[in-house]
Amino acid sequence: MNRKLNHALASLVFMYSATAWSQQADWRDKEATMATINGQDEYQLSGRTECSDEATSEATATIKPGERFIAREFTDSEKDWEVYLKSGISGTIPRNRIRLLPDEPLAKLNYESCKKEWRKLQSKPIKNTDVVAYSAKKYHGVPNYYKTLVQASEGDAKAFAQFNSLSHMDGEAGEGHEETIWVLLHVAGDDTFAKLLQSSKVRGGYAAVFSSESFLPISNPKPYIKLHFPKTYAILYGNAAQQTQADQKPIEEVKARAEAGDAESEVELGLRYTSSEGVAKDQVEAVKWYRKAAEQNYARGQYNLGVGYYKGEGVVKDQAEAVKWFRKAAEQNLARAQYNLGVCYYNGEGVAKDYVEAYKWLLLAARQGDEGDKKNMTELESKLRPQQIAEGQKRARDFKPR
């Protein structure tokens with residue numbers, strides 16, 4: 001699934017759903033814009049700070065005439081607009097007190113309060129009500145989610161890899177983790193985040209996500225990143241990325257080849273629909289083309305179709321069906337399919353929980369995968385008896401790709 005479409009969007013790690021903001025669907029069509037107070041009187045804002053819990057999130061600010069802030073309309077019928085101050089406080093202001101400044105570039109959002117909150121939480125016991133940190137520890141081998149965030153924000157490459165290894169989390173935990181991607185970019189800052197990306201294998205995935213997803217209150221992150229994170233932007237979309245994009249086949253050619261039944265082109269066309277490369281984003285259409293390739297026994301098509309079922313993107317969520325397609329691709333030795341199949345066995349998603357079978361598939365994936373895969377396999381080893389490890393290793397040795 002990436003700028004070179006073969007990899008980044010083919011990864012479950014970066015095939016994000018829109019569910020994290022499903023309850024706020026209206027905002028996606030509302031462009032944020034710079035604004036200031038309308039009139040000569042100050043405005044007393046009662047709002048909140050980012051990342052704080054409900055008990056400590058309340059904050060107040062005095063907005064002076066001439067002060068700039070980001071404003072965004074909720075829906076056409078709302079009288080109040082949401083505003084984001086440079087101090088990091090956000091809240092709502094009546095529309096008649098806002099004067100829009102559409103020609104001014106968007107200011108940089110402030111998430112400084114988030115790192116303070118992460119530092120505080122890293123020394124506290126993890127509660128099961130903290131679904132992201134709890135899931136990261138219990139199911140994904142990351143003992144301290146907030147310590148990982150702090151370390152990654154300070155440029156620790158291992159912590160960044162650990163953070164990225166969690167991107168396959170599903171449900172509420174996955175949604176919360178997805179939102180943190182945007183926050184981490186701001187907390188780390190341009191220099192640090194660019195260095196992390198430079199030594200990471202996930203650059204293409206981030207490029208695709210920031211091209212196709214929306215993050216409150218920014219509905220189109222790419223120009224915003226170009227303005228405020230130029231080094232990060234250069235790595236994601238700079239000369240090398242531009243060259244890769246230039247090397248891509250024209251969308252008309254991809255469509256023609258796909259319609260002629262070429263499985264590789266069918267997957268590429270599906271990826272174009274997923275990441276809105278040359279066509280409008282359409283996950284239902286993407287799944288249609290993944291299925292055509294999958295039915296030709298093309299592993300990448302089977303894998304992406306499995307992702308669609310796993311995440312419920314473009315098709316009704318069905319974990320058993322996801323396992324079916326992951327297995328078909330895994331049996332053809334596709335590493336990411338093997339990894340995801342192992343995760344499904346580990347969590348009992350779409351298939352009966354089986355740690356030995358999970359270990360087999362994670363081991364096969366780790367042999368050709370990245371450090372995140374190897375770490376998860378090692379974490380699983382700690383939960384198995386020696387006999388189970390031996391059996392999993394035997395199953396992996398006996399594996400013969402189809």
Side-chain angles (χ1 to χ4, degrees), residues 1-2 4-19 167-168 170 174 204-205 208 212 248-249 251 253-345 347 349-351 357-358 360-362 364-365 368-369 373 399-402:
M1 168 198 328
N2 73 354
K4 198 164 187 177
L5 292 167
N6 288 4
H7 301 294
L9 268 178
S11 169
L12 177 59
V13 171
F14 285 101
M15 200 165 192
Y16 288 114
S17 69
T19 55
S167 296
H168 62 270
D170 195 20
S212 59
Q248 288 179 359
K249 301 182 185 72
I251 187 63
E253 181 180 343
V254 176
K255 283 184 176 180
R257 289 176 178 268
E259 288 167 355
D262 179 69
E264 183 177 357
S265 297
E266 289 169 345
V267 170
E268 185 169 353
L269 182 56
L271 295 174
R272 298 281 183 107
Y273 277 110
T274 296
S275 60
S276 62
E277 293 280 354
V279 291
K281 184 171 183 176
D282 187 335
Q283 201 60 40
V284 173
E285 189 71 10
V287 166
K288 181 186 86 172
W289 290 105
Y290 296 149
R291 189 182 303 278
K292 286 179 180 291
E295 291 172 348
Q296 294 191 63
N297 201 35
Y298 189 55
R300 286 179 54 233
Q302 293 166 340
Y303 173 77
N304 284 328
L305 182 57
V307 169
Y309 277 111
Y310 186 89
K311 302 289 283 186
E313 295 182 342
V315 70
V316 176
K317 185 172 182 177
D318 186 333
Q319 291 183 331
E321 193 71 8
V323 166
K324 166 187 166 182
W325 291 107
F326 285 155
R327 188 185 307 280
K328 287 178 180 292
E331 289 175 345
Q332 296 189 64
N333 210 32
L334 188 67
R336 295 312 300 169
Q338 292 171 338
Y339 176 83
N340 288 347
L341 184 58
V343 169
C344 289
Y345 271 110
N347 292 325
E349 298 172 315
V351 68
E357 192 68 7
K360 163 194 165 181
W361 289 111
L362 289 176
L364 288 168
Q368 53 180 320
D373 295 346
F399 171 75
K400 295 292 187 293
R402 293 186 180 181

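Since the model is a prediction, treat every value here as computed from it, not as a measurement. Positions are given from 1, in the same order as the sequence printed here.
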How close do [X] and [Y] get, heavy atom to heavy atom, and via which atoms?
{"X": "G270", "Y": "A286", "result": "O-CB, 3.2 Å"}
{"X": "A322", "Y": "G306", "result": "CB-O, 3.4 Å"}
{"X": "L269", "Y": "A258", "result": "CD2-CB, 3.8 Å"}
{"X": "Q319", "Y": "E349", "result": "OE1-CB, 3.5 Å"}
{"X": "A294", "Y": "L305", "result": "CB-CD2, 3.9 Å"}

Discussion item. Let's go through L334 and F326 carefully: what are the C-alpha distance in whole Å and the side-chain angles of both, what is the deciding distance for side chain to side chain contact (heavy atoms under 4.5 Å, CB included) to 0.1 Å, and is it a yes or a no?
Written reply: CA-CA 9 Å; L334 188 67; F326 285 155; over 6 Å; no

Out of curiosity, [X] [atom1] to [Y] [atom2], how far, rounded to the nearest 0.5 Å?
{"X": "R291", "Y": "Y309", "atom1": "CZ", "atom2": "OH", "value": "3.5 Å"}
{"X": "W289", "Y": "L271", "atom1": "CH2", "atom2": "CG", "value": "13.0 Å"}
{"X": "E268", "Y": "K255", "atom1": "CD", "atom2": "NZ", "value": "13.0 Å"}
{"X": "R402", "Y": "K400", "atom1": "CZ", "atom2": "NZ", "value": "13.0 Å"}
{"X": "C344", "Y": "K324", "atom1": "SG", "atom2": "NZ", "value": "14.5 Å"}
{"X": "K311", "Y": "Q283", "atom1": "NZ", "atom2": "CD", "value": "11.0 Å"}

Worksheet entry | Worked check of side chain to side chain contact (heavy atoms under 4.5 Å, CB included) between F399 and N333 | CA-CA 9 Å; F399 171 75; N333 210 32; 3.6 Å; yes

Discussion item. Would R300 and Y303 count as a cation-pi pair here, with the cationic atom under 6.0 angstrom from the ring centre and within 45° of the axis?
Written reply: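 The answer is no, since R300 fails at least one limit relative to Y303.
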
Worksheet item: Looking only at side chains, do Q302 and Q332 share a donor and an acceptor under 3.5 Å apart?
Response: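 Yes, a side-chain donor-acceptor pair sits under 3.5 Å.
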
Discussion item. Could you check whether any side-chain N or O of E295 sits under 3.5 Å from a backbone N or O of Y290, counting only pairs where one atom can act as donor and the other as acceptor?
Written reply: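 Not confirmed, E295 side chain does not pair with Y290 backbone.
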
Worksheet item: Given T274 and N304, is the side chain to side chain contact (heavy atoms under 4.5 Å, CB included) satisfied, shown in steps?
Response: CA-CA 10 Å; T274 296; N304 284 328; over 6 Å; no

Item to complete: Go through the steps for E253 and R257 under the test salt bridge (charged side-chain N to carboxylate O under 4.0 Å, His left out), then give the verdict.
Response: CA-CA 6 Å; E253 181 180 343; R257 289 176 178 268; 3.1 Å; yes

Go through the structure and list residues passing side chain to side chain contact (heavy atoms under 4.5 Å, CB included) with [X], not counting sequence neighbours.
{"X": "V284", "value": "D282"}
{"X": "E357", "value": "Y345, D354, K360, W361, R395"}
{"X": "A293", "value": "A263, E266, V267, Y298"}

Fill in: Any L364 side-chain heavy atom under 4.5 Å of Y339 side chain
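When only atoms from C-beta onward are counted, Y339 and L364 do not touch, as no gap falls below 4.5 Å.
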
